[in-house]
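Before any comments, here is the structure.
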Number of protein chains: 2
Amino acid sequence: MTNPIGKRELNKARKRAEIVDIATRSFFEHGYAATSMSAIAEELGGSKATLWAHFASKQDLFAAVIDLQVDSFSQDIDEVLTSQTYSVPALRRACARFLECLLRENAIRLFRLVVSEGGRFPEIKEMFYSRGPVKLRKCVIEFFATRVSEARATELSRLMIAMITGFRSDILLRPSSPSMAEREAFVDSLVEMITRGIPDQPTPS
Amino acid sequence: MTNPIGKRELNKARKRAEIVDIATRSFFEHGYAATSMSAIAEELGGSKATLWAHFASKQDLFAAVIDLQVDSFSQDIDEVLTSQTYSVPALRRACARFLECLLRENAIRLFRLVVSEGGRFPEIKEMFYSRGPVKLRKCVIEFFATRVSEARATELSRLMIAMITGFRSDILLRPSSPSMAEREAFVDSLVEMITRGIPDQPTPS
DNA sequence: CAAAAAGTGTACTTAGTAGTACAGGTATGA
DNA sequence: TCATACCTGTACTACTAAGTACACTTTTTG
């Protein structure tokens with residue numbers, strides 16, 4: 001076969017993905033320091049040599065894990081608000097979805113990991129920040145800007161995002177996860193509060 | 001001397017405090033797993049035997065560290081809202097102070113540590129949660145309840161606290177800390193948003 | 001089929017970990 | 001003064017980690 005992608009490269013990529021998958025679970029569960037490469041190799045079924053054939057070091061593997069998760073998170077965020085115009089129902093829908101994204105198991109674990117290891121791995125912190133929060137804010141500002149001024153949209157975005165991420169902050173430390181009803185009640189009062197600061201009809205220019 | 005507190009106990013307490021102090025810095029800087037008891041002993045100047053004379057294990061020492069920090073954080077929180085009645089200036093002052101408390105170096109590091117190790121040490125998570133967030137919310141509800149109904153006060157507290165902790169969430173991941181002006185602007189818009197949902201005058205019962 | 005590339009198993013090096021044991025030193029308290 | 005309680009240094013056990021070396025087998029490719 002003279003395929004541009006031979007079986008060689010395909011298998012290699014598959015193996016790599018498998019390693020990243022196992023490593024993700026381990027880093028998520030035990031944190032960076034308490035995850036051991038030997039344990040990953042064992043779970044993989046293969047040997048350590050295979051691990052080092054794909055990643056030069058533990059840090060390299062960690063970076064690959066975070067990169068993948070950030071990507072998936074970033075995609076989730078993207079899908080919520082693309083080409084939406086402001087309306088109260090659209091706002092409510094968006095808030096509920098954002099909250100859902102942020103409370104997903106993987107998103108919580110990613111956040112935990114970035115918060116705890118960010119100090120020691122600045123490049124990981126930046127990777128997450130630019131593709132996560134920064135992007136999110138841009139989307140939300142655009143959404144509000146379809147109804148209010150850019151300055152006001154920025155202000156509202158900041159408050160709205162703060163409320164949603166603040167809710168997550170609490171979840172991180174709570175013994176049990178919040179009920180559906182609690183989440184809905186929170187979104188309702190959040191939306192009510194935000195809409196108080198927005199005129200019912202678009203101001204004609 | 002027949003003092004109830006002899007030099008013996010005093011010295012012991014001092015040594016203990018010194019150990020906790022060094023351990024605090026190390027846990028804050030490197031996290032739980034990456035902090036070594038040997039390193040603490042070395043920095044202490046003493047020997048490992050001394051460490052184990054005061055704390056039965058690394059986990060014990062860690063718990064003592066968190067306990068002390070939670071206490072100090074809890075006291076800070078207490079001082080902000082004691083016997084305050086609702087008014088817009090009081091609200092603004094309280095928000096500014098809460099934000100200041102939450103953004104203190106030690107509070108941030110404590111939060112980081114509790115978030116990252118909370119999964120592995122549930123008792124630490126609970127210790128922090130009950131003496132931190134739970135207490136804070138109670139104070140804020142009481143404050144709002146001097147003006148609005150209890151139910152409404154609960155709702156407003158949730159939103160207000162979410163906004164403030166959400167601001168911190170962002171800080172945790174940002175490359176640089178926020179300017180004074182940014183903090184003030186945030187508090188201003190937060191206060192404006194909250195006060196929209198509160199009558200200017202107390203409703204006569 | 002044969003060469004090349006990748007994966008595997010095992011054993012290894014080097015270094016660091018929590019925690020222990022013990023002998024000698026030093027401050028305290030009666 | 002003198003026993004007690006604590007502190008210190010050193011050496012130790014038992015274990016685990018990251019990363020390497022190497023001979024071996026399997027799979028892919030031409």
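Note on naming: letters A, B, ... go to the chains in the order of the sequence lines (proteins, then strands), and numbering restarts at 1 for each one. Worth saying up front: this structure is predicted, and the values here are computed from it rather than measured.
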Is B:S36 close enough to C:dG16 that one of its side-chain N or O atoms is under 4.0 Å from OP1 or OP2 there?
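No.
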So, does A:H54 get its side chain near the phosphate of C:dA6, meaning an N or O under 4.0 Å from OP1 or OP2?
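Checking C:dA6 against A:H54, no side-chain N or O comes under 4.0 Å of OP1 or OP2.
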Once hydrogens and angles are ignored, does a donor-acceptor distance under 3.5 Å link the base of C:dG7 to the side chain of A:T50?
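It does not, because no donor-acceptor pair links the side chain of A:T50 to the base of C:dG7 below 3.5 Å.
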How bent is the helix from C:dC1-D:dG30 to C:dA30-D:dT1, comparing axes over its five end pairs at each side, to the nearest 10°?
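End-to-end axis angle: 20°.
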Which part of the nucleic acid, if any, lies within contact of A:K15, taking any heavy atom under 4.0 Å across all strands shown: a base, the sugar-phosphate backbone alone, or nothing?
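The residue A:K15 makes sugar-phosphate contact but no base contact.
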[X], nearest nucleotide to its side chain (from [options]):
| X | options | answer |
| --- | --- | --- |
| A:S47 | C:dC22, C:dT8, D:dA17 | C:dT8 |
| A:K58 | D:dA18, D:dG9, C:dG19 | D:dA18 |
| B:W52 | C:dG19, D:dA18, D:dC22 | C:dG19 |
| A:S38 | C:dT28, D:dA18, C:dG9 | D:dA18 |

Which residues share a side chain to side chain contact (heavy atoms under 4.5 Å, CB included) with A:C101, sequence neighbours left out:
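With neighbours one apart ignored, the set is A:D76, A:V80, A:R104.
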Just by modelled atom types, is the A:F143 backbone N or O under 3.5 Å from a matching donor or acceptor in the A:R147 side chain?
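Judged by distance alone, no pair lies under 3.5 Å.
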Most 5' of A:T35 and A:A49 on DNA chain D, judged by nearest nucleotide:
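Nearest-nucleotide comparison on DNA chain D picks A:T35.
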Rounded distance (Å) that lies between atom [atom2] of [N] and atom [atom1] of [X]:
| X | N | atom1 | atom2 | value |
| --- | --- | --- | --- | --- |
| B:R14 | D:dC7 | CZ | P | 11 Å |
| B:K48 | D:dA11 | NZ | C1' | 11 Å |
| A:K12 | C:dG7 | NZ | P | 7 Å |
| B:E42 | C:dA18 | CD | C1' | 16 Å |
| A:F62 | D:dA18 | CZ | C1' | 16 Å |
| A:I19 | C:dG7 | CD1 | P | 8 Å |
| B:L51 | C:dG19 | CG | P | 10 Å |
| B:N11 | D:dC7 | CG | P | 8 Å |

Is a salt bridge present between A:R158 and B:D170, judged by a nitrogen-to-oxygen distance below 4.0 Å?
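Answer for the salt bridge query: no.
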Electrostatic pair B:E142-B:K138, nearest N-O below 4.0 angstrom:
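Salt bridge absent between B:E142 and B:K138.
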Pair A:R97, A:E100 - check salt bridge (charged side-chain N to carboxylate O under 4.0 Å, His left out), show working.
CA-CA 5 Å; A:R97 282 198 206 155; A:E100 201 196 308; over 6 Å; no
Could you pull out the closest heavy-atom pair between B:L113 and B:G31, with the gap in Å?
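Smallest heavy-atom distance, with atoms named: CD1-CA, 4.0 Å.
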Suppose we screen for ring-ring contact (aromatic ring centres under 6.0 Å, His included). Which residues come up paired with B:F28, at least two apart in sequence or across chains?
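Applying ring-ring contact (aromatic ring centres under 6.0 Å, His included) to B:F28 gives none.
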